[in-house]
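Right, one structure below, let's go through it.
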Amino acid sequence: MLWIVIGLRLLIGSSRLLVWGSVEIAGRLGVSDLLIGLTIVAIGTSLLEFAAPLTAARRGHPDMALGNVLGSNLFNTLAVVGIAGAISPIDVASEVLNRDLPAVACATMMLLVYCCGFKHRQGQINRLEGSSLVLAYIAYTAWLIL
């Protein structure tokens, strides 16, 4: 139990350091808040969520890994944004509607197609499909930066 507490504290602390340091550096370089949120803060806050699915997948529990990722994204999208919007109205920039929302929809559709699979391997995401998802994320991030 002690190691779990120590590990969680290290994960939380390192994630916070990454986010705060990255935001400070990006702010000094004149990078927009939206870009910081879509890249640096997203990576920093997702590092905590990366450990559980990775461990679950390596231990032969891929359902736990996928459930963690999907559940986390649904919670962030619906509950976190919903609560923030209920507290104070959120202005949605045109960039979000024209660039980011279609990218999220495309990524969701890719995942849906991969999860539904094809006749002989329904319900399985193989290495090629997983790699294409990672490459899609890298391409989207590069697009944001450029």
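All values below were derived from every heavy atom in this structure, side-chain atoms included, with hydrogens, water molecules and symmetry-related copies excluded.
Across every non-hydrogen atom of Ile125 and Gly130, the tightest pair is CG2-N, 3.9 Å. Closest approach of Pro53 and Ala65 over heavy atoms only: O-CB, 3.4 Å. Taking all atoms of both residues into account, the shortest heavy-atom contact from Ile36 to Val31 is CD1-O, 3.7 Å.
Val96 and Leu35 fall within a single hydrophobic cluster, where Ile, Leu, Val, Met, Phe, Trp and Tyr are joined by side-chain heavy atoms under 4.5 Å apart, directly or via other members. Residues Leu101 and Trp143 are members of one and the same hydrophobic cluster, defined by side-chain heavy-atom contacts under 4.5 angstrom among Ile, Leu, Val, Met, Phe, Trp and Tyr.
Of the possible polar contacts, none joining the Asn68 side chain to the Met64 backbone as a donor-acceptor pair under 3.5 Å is found.
At least one side-chain heavy atom of Thr141 sits less than 4.5 Å from a side-chain heavy atom of Tyr137. The side-chain heavy atoms of Val81 and Asn76, taken from C-beta on, include no pair separated by under 4.5 Å. Looking only at side-chain heavy atoms (C-beta outward), Leu66 and Cys115 come within less than 4.5 Å of each other. Annotation: side chain of Arg99 is in contact with side chain of Leu144 (closest heavy-atom distance under 4.5 Å).
How far OH of Tyr114 is from CG of Leu128: 7.0 Å, rounded to the nearest 0.5 Å.
Residues Asp100 and Tyr140 bring a donor and an acceptor atom of their side chains to less than 3.5 Å of each other.
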